[in-house]
Amino acid sequence: MGYSPERKVAVLKRMLAPDTMTIRQLSNEEGISLGTQHKWRDEARDKGQLLPDADAGPEGWSSRDKFAAELISMQN
């Protein structure tokens, strides 16, 4: 099954503040496999997009992940 670029962007955006959903939560809510979402996140990070590494919510993020999320939220 293919997903539109718009859907990919929308799902990736939900990984950031203020939504800060984990990949597992998104998988349950969106019906998109964990593997697909990990792939999307990794591809976005490889292109320089600031997305948290951790699969946990913000409480499990590294300081780098928190800083990246804060930068993104300030840009929006």
Problem - Point-to-point distance, once rounded to the nearest 0.5 Å, from CD of Gln25 to CD of Glu30 - result: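 Separation between the atoms: 12.0 Å.
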Problem - In one Ile/Leu/Val/Met/Phe/Trp/Tyr side-chain cluster, 4.5 Å: Leu26, Leu34 - result: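 Yes; tracing contacts between hydrophobic side chains, which count when under 4.5 Å, links both residues.
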Handout entry: Residue pair Trp40 / Ile32, side-chain heavy-atom distance below 4.5 Å
Key =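 In contact.
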Handout entry: Partner residues of Glu29 under the side-chain hydrogen bond (donor to acceptor under 3.5 Å, both in side chains) criterion, sequence neighbours left out
Key =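 Scan of Glu29 (side-chain hydrogen bond (donor to acceptor under 3.5 Å, both in side chains), adjacent residues dropped) gives Arg14.
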Handout entry: side-chain contact (heavy atoms from CB on, under 4.5 Å) partner of Gln37, the single match among Leu12, Thr22, Ile23, Asp42
Key =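 The single option meeting the side-chain contact (heavy atoms from CB on, under 4.5 Å) with Gln37 is Ile23.
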